[in-house]
Amino acid sequence: NADIIKAIPDGTSRVIVDLTDPVEQDCWLEYDEDYLQLPDGSTYNSLTGAYNNVEDGETITVIRDASTPAVLPANNKNITIDLGGFTFKVTEGSSTNSRNFLINGTSVVTIKNGTMVAKGDINSGTYGTVRTEDSAEVTLNDVKAYSYRGYGLNVKACTGTKITINDSEIYAQYSGGVEAAGGEIELNNVKIVQNGVDSSGAWCSVAIGVNGGGKVTVNSGEYSAAAISTDSNAAQGTWVAYVMSSGGTLDIKGGTFNGTVAETAAAANACGLICADTKAVVNIYEGTFTSNGAILDMRNNTGATPNPVATLYGGNFSADPRVSGLYSSNLISVAEGMEVKKGEDGRWTLVKVQPNNEIWYTSDEMKLEPTTPAALNANIVSNVWDSTTGKGVITFDAPLTTIGNEAFKRITNNTPSNWMTSISLPNSLETIGEYAFYQCFSLTSITIPDSVTKIRDYAFYGCTGLTEVTIPNSVT
């Protein structure tokens, strides 16, 4: 099944497979040829030797595909490890050291440009490709990290450490993708695939895990987990992200999250994409979330305090994000000034609630100014317009209740209201006066709130761009 067979200098051969197809991970033979090089040209066949001789600020370069039984720690080194586009595999998984890289002390390490593999199966090994300890800081750039081991996490940040992952892919056949176990992880344009686990259901089989007061920040990327079992007695394993009962924070600022809940999942098991257990804090600012079940599971596994909390600031969801798949929906809150709405496409989004002292508008050419300021019951305190997006906001010193006669009347092509394309009026508004929007030719959309009770004659006279206006039932 090998794609290529190559000869190496000592005459032995090795089998190489295409790891873009992860199921082929077993087709490797080990060899002892040097696979690491330092800037001075010296080469090594073990990371221990390279670590001992590299200087701070230097780069260890991988110069061929390599396989090794175990890896020793990188202690107090500030270095770069360039995988050189090659694949570096670790074959044993019986100890913490059986990772591709264990980085600890005060090390500051960048690992880039290549593939790491932690070989194993559901019964072998508990450690993945990267682990940080003490106060180490690690950055992963343009790497692929595969773990085939049955337990533990592929990439793990322990207490006091930080891992930043950029433009990379992480694959976990049985175990979890990444875990902030008291440490911090930041994800930028990362793809994590958690492929599932057998019916025994390892708790860590999620794409993103947080525990021990750790923190994960997701800025962008793709994150998924499989429906791992139809056994109603199986433990959880379908969550894409899980903040565990020992607590921690998950901040989602972007990215796509996809998961499928097993059809016969037990009530105590995963029913949604993201689980917040005891002491968990989940903040969703942006992102796209798709599941055949709930978005959030608010779970208190131990009956301890404090309860988990989740706050919604933004996002696009396949289900109402305010409804928990497990336990209490009242632990999910919507940020102040936001509301959840269901769109015509059946998806749910968070939108900003328009304050009573603001007019929102769009304009093609210039900032919207009232033609007759005195026709408004409140004074303007600010008017901000973005020429790039065309969006603007007029803020008043009090709730706006009256847009009086000729308030935004167009007089000439140079009148600001001539360029207004849309306007949204606040829910405090009661009256729209005569000729209030007279001959605003560019106006194609207006939102009139239910608070309006009076619309005077000719209020929209000459607004030829308005093909439809919805008049609230409150208007008499």
Side-chain angles (χ1 to χ4, degrees), residues 47-48 50-51 54 56-57 59-60 62 68 70-83 88 90 93 95-118 125-147 149 151-172 175-188 190 192 204 206-219 221 241-244 246-251:
L47 274 172
T48 303
Y51 286 151
V54 71
D56 273 0
T59 297
I60 297 175
V62 176
T68 182
V71 174
L72 294 178
N75 235 328
N76 303 319
K77 294 283 188 177
N78 304 324
I79 58 174
T80 296
I81 300 172
D82 185 351
L83 297 172
F88 175 50
V90 172
S95 71
T96 304
N97 285 344
S98 297
R99 293 179 178 268
N100 295 71
F101 299 102
L102 171 60
I103 300 171
N104 53 22
T106 59
S107 301
V108 178
V109 176
T110 296
I111 303 171
K112 65 179 185 178
N113 186 29
T115 300
M116 299 177 287
V117 178
T126 60
Y127 297 98
T129 58
V130 176
R131 176 186 175 104
T132 54
E133 296 178 351
D134 304 322
S135 60
E137 294 186 16
V138 170
T139 300
L140 305 180
N141 292 331
D142 190 23
V143 301
K144 293 181 179 180
Y146 295 98
S147 177
R149 297 172 179 174
Y151 198 70
L153 284 303
N154 194 347
V155 177
K156 184 171 185 175
C158 297
T159 301
T161 69
K162 181 175 182 179
I163 300 175
T164 302
I165 309 177
N166 305 311
D167 304 316
S168 297
E169 296 182 15
I170 295 172
Y171 176 89
S175 59
V178 301
E179 180 185 8
E184 294 184 36
I185 295 178
E186 180 178 334
L187 302 171
N188 302 302
V190 178
I192 300 180
C204 59
V206 293
I208 300 171
V210 186
N211 68 52
K215 180 178 181 180
V216 172
T217 301
V218 182
N219 292 317
Y242 180 19
V243 186
M244 302 169 202
S246 56
T249 301
L250 173 62
D251 283 348

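When reading the values below, keep in mind they use all heavy atoms of this one structure, side chains included, and skip hydrogens, waters and symmetry mates.
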Take Val155 and Val138 through the side chain to side chain contact (heavy atoms under 4.5 Å, CB included) test and state the conclusion after the steps.
CA-CA 11 Å; Val155 177; Val138 170; over 6 Å; no
* Ignoring hydrogens and geometry, is there a side-chain-to-backbone donor-acceptor pair from Asn141 to Thr110 under 3.5 Å? -> no
NZ of Lys144 to CG of Leu83, rounded to nearest 0.5 Å, is 12.5 Å
* **pair Asp134-Thr106: side-chain heavy atoms closer than 4.5 Å** => no
- Message: Is there a side-chain contact between Asn104 and Thr161 in this structure, where contact means two heavy atoms from C-beta onward sitting under 4.5 Å apart?
- Response: no
Looking only at heavy atoms, the pair that brings Ser147 and Gly128 closest together is OG-CA, 4.1 Å
Does any part of the side chain of Ile170, heavy atoms only, come nearer than 4.5 Å to the side chain of Ile165, both counted from C-beta?
yes
Between Ile60 and Ala50, the two heavy atoms sitting closest are CD1-CB, 3.9 Å
Scanning both residues in full, the closest heavy-atom pair of Gly209 with Met244 reads CA-CE, 4.1 Å
dist Ile103:CD1 -> Tyr51:OH (nearest 0.5 Å) comes out at 6.0 Å
Rounded to the nearest 0.5 Å, the CD1 atom of Ile81 sits from the CZ atom of Phe88 at a distance of 8.5 Å
CG (Leu102) and CG (Asn100) are apart, to the nearest 0.5 Å, by 11.0 Å
Paired with Glu186, the side-chain hydrogen bond (donor to acceptor under 3.5 Å, both in side chains) test is passed by just one of Thr164, Thr139, Asn166, Asn219, namely Asn219
Output for pair (Glu184 CD, Asp251 CG), nearest 0.5 Å, gives 10.0 Å
Evaluate the side-chain proximity of Val90 to Arg149: yes if any heavy-atom separation is below 4.5 Å, no if none is. yes
Nearest heavy-atom contact between Gly212 and Ser246 is N-OG, 2.8 Å
What one should report as the nearest heavy-atom pair of Asn76 and Gly105 is OD1-CA, 3.1 Å
Here the gap from Thr132 atom OG1 to Phe101 atom CZ, rounded to the nearest 0.5 Å, amounts to 13.5 Å
* Asked: Within the distance-only criterion (no hydrogens, no angle test), does the side chain of Thr129 pair as donor or acceptor with the backbone N or O of Asn154 below 3.5 angstrom?
  -> yes
Given the options Val62, Val143, Asp142, Asn113 meets side-chain contact (heavy atoms from CB on, under 4.5 Å) only with Asp142
Closest heavy-atom pair, Val109 versus Lys77, reported as atoms and distance to 0.1 Å, is CG2-O, 3.6 Å
